[in-house]
Amino acid sequence: MNSQTVFAVVDLETTGTDLHAENRIIQFSCSLVQNQQIIKTFSTDINPERSIGYRITQLTGISAERVASAPTFDQVAAQIFQLLNDTVFVAHNVNFDFPFLNMELQRAGGYPELDNLAVDTVTMSQILLPTLTSYRLQDLSAYFNIHHLQPHSADSDATATARLLTVLINQLHQLPTVTLSQIVNLNPDLPWETMTVFKDELDNRTEDDSRLADHLILHHGIVLRKREKVLKKSNS
C-alpha cells in the first residue's frame, strides 16, 4: 500500500445482522480515500424487497416507505462492483460488511466474490490507540472531533470511517520503528488483511525512519515518552 492506493471505505445498513436469515442491504455508502484525501463518495438507499423491522427503522431512520422507490440491489450491483474494483476494502467491523456485501453480490448473480484486500478500522484503532476505553465509531469520532451527526446512517458512517482512516494512517506513520517492528514480529491474528497495513508501513520505512523522536526514549526494548523535568519552586 502506498500513496497511489485507493481505499474504499464502506458502510452498510441492513435489515438484520444474521447473514443466514435472508437479511438484505437497505443502504450502501462508500467514500474513496487516496493519499489521505476523500476523492469520491457514493451513497444509495436500497429496496430490500422485504419488510424492515421497527428496531432497524428506529436505529437507522430507514423505513419501508422511504426505500419503496429506491433501486433494488440487483439494479445497483454493477455500479457497486465497479466502484470497488482495484481498491482496498475498509470498514469499521470488516467482518460484517465485507461478507454481507459479497453475499448480496452472489445473490444478484453474475458477479465473482470480491477478492479485495480488506482492512478493519476497529482493530487498527485498538492497536494504535490502546489507552482508549471505547472503539465505537461514534466515540472515536467524538475523540478526534470528526463530524458525525448521524450514527447508524451509512453515508455518515462511511464518511466518518474514512476520516478516521486518515487519522489512523497518520498515527501509523508516527509510530516508532522499534514499536512497529515489535507489532509485525508478533504478527497477531487480525481480521482479513489488516496486518498488511502494518507490514507495508514497516517495509516502506528507510534507515532514517528508525531514529526516535527527541521526546522518546528506548528503555529495555520499549519506547517511552521522556519525563519532563519539574522545576522546584524555591522558597523565598
Side-chain angles (χ1 to χ4, degrees), residues 1-14 25-46 59-62 76 79-80 82-98 100-101 114 116-176 179-180 183 190-201 204:
M1 300 178 194
N2 51 50
S3 61
Q4 300 305 308
T5 300
V6 176
F7 296 93
V9 185
V10 172
D11 191 80
L12 309 176
E13 302 302 338
T14 65
I25 295 173
I26 55 177
Q27 190 180 46
F28 170 92
S29 294
C30 177
S31 293
L32 297 183
V33 175
Q34 185 179 39
N35 199 20
Q36 298 293 78
Q37 299 290 328
I38 296 176
I39 60 173
K40 182 178 181 179
T41 60
F42 172 75
S43 183
T44 181
D45 287 348
I46 294 175
L59 183 67
T60 65
I62 300 173
V76 295
Q79 186 176 4
I80 290 173
Q82 182 62 35
L83 180 69
L84 300 178
N85 190 40
D86 293 327
T87 67
V88 175
F89 189 99
V90 179
H92 202 67
N93 187 11
V94 73
N95 279 337
F96 172 75
D97 295 87
F98 199 46
F100 206 112
L101 183 58
L114 292 170
N116 308 50
L117 296 180
V119 172
D120 181 42
T121 51
V122 175
T123 310
M124 284 186 67
S125 300
Q126 291 169 334
I127 292 175
L128 294 169
L129 307 161
T131 61
L132 297 188
T133 58
S134 171
Y135 297 95
R136 294 190 312 162
L137 181 59
Q138 186 174 359
D139 296 328
L140 288 167
S141 297
Y143 183 79
F144 288 112
N145 294 316
I146 294 171
H147 187 69
H148 187 209
L149 292 179
Q150 293 180 292
H152 303 296
S153 175
D155 51 353
S156 182
D157 284 353
T159 302
T161 304
R163 298 197 185 286
L164 173 63
L165 176 66
T166 66
V167 170
L168 294 175
I169 290 175
N170 282 330
Q171 293 278 336
L172 182 60
H173 290 337
Q174 296 172 29
L175 199 66
T179 305
L180 181 59
I183 294 171
L190 306 183
W192 299 84
E193 288 79 31
T194 304
M195 194 60 204
T196 302
V197 178
F198 295 89
K199 291 179 178 178
D200 285 356
E201 173 67 19
N204 291 332

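Counting from 1, the numbers follow the sequence of the chain as shown. No experiment lies behind these values; they were computed from the predicted model shown.
- Using a 4.5 Å heavy-atom threshold, the side chains of L83 and K40 count as touching.
- Between V197 and M124, the closest side-chain pair of non-hydrogen atoms falls below 4.5 Å.
- Between the side chain of Y143 and the backbone N or O of S134 there is no donor-acceptor pair closer than 3.5 Å.
- The heavy-atom pair separating L128 from L168 by the smallest distance is CD1-O, 3.4 Å.
- Residues N116 and F98 come closest through the heavy atom pair O-CZ, 3.9 Å.
- Interatomic distance, CD1 of I80 versus CD1 of I46, reported as 4.5 Å (0.5 Å rounding).
- Heavy atoms only, all atoms of each residue included: M1 and D200 are closest at N-OD2, 2.7 Å.
- The shortest distance between side-chain heavy atoms of I169 and V33 does not fall below 4.5 Å.
- Judged by distance alone, with hydrogens and angles left aside, the side-chain atoms of T196 form a donor-acceptor pair with the main-chain N or O of E193 at under 3.5 Å.
- Atom OG1 of T179 sits about 12.5 Å away from atom CD1 of I127, to the nearest 0.5 Å.
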Check the pair L129, Q171 against side-chain contact (heavy atoms from CB on, under 4.5 Å), reporting the backbone distance first and the verdict last. CA-CA 9 Å; L129 307 161; Q171 293 278 336; 4.0 Å; yes
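- Contacts classified as side chain to side chain donor-acceptor pair (under 3.5 Å) and involving residues 119-128 (residues at least two apart or in different chains) are given here: H92-T121, D120-T123.
- Annotation: side chain of L59 is not in contact with side chain of E13 (no heavy-atom distance under 4.5 Å).
- Separation of atoms CD1 (I26) and OG1 (T14) is listed at 6.5 Å; rounding is to 0.5 Å.
- Residue-environment remark: CZ (F144) exceeds the threshold of 12 foreign heavy atoms within 6.0 Å.
- The shortest heavy-atom contact between A154 and D11 is CA-OD2, 3.3 Å.
- The shortest distance between side-chain heavy atoms of L140 and I146 does not fall below 4.5 Å.
- N145 CG to R163 CZ: the interatomic distance, rounded to the nearest 0.5 Å, is 12.5 Å.
- In this structure, L101 and L84 approach most closely via the heavy-atom pair CD2-CD1, 3.5 Å.
- A 4.5 Å side-chain heavy-atom check between L180 and L172 finds at least one atom pair inside the cut-off.
- Ring geometry, F42 versus F28: the interplanar angle falls from 30° to 60°, so the pair is classed tilted.
- Contact record, T166 with Q36: O-NE2, 3.0 Å, taken as the closest heavy-atom pair.
- Distance check, rounded to the nearest 0.5 Å: CG of D97 to SG of C30 gives 11.0 Å.
- With values rounded to the nearest 0.5 angstrom, N95 atom CG is found 8.0 Å from T194 atom OG1.
- Side-chain contact, D155 with S43: no donor N or O sits under 3.5 Å from an acceptor N or O.
- Counting heavy atoms of neighbouring residues, nucleotides and ligands inside a 6.0 Å radius, atom CG of N2 exceeds 12 of them.
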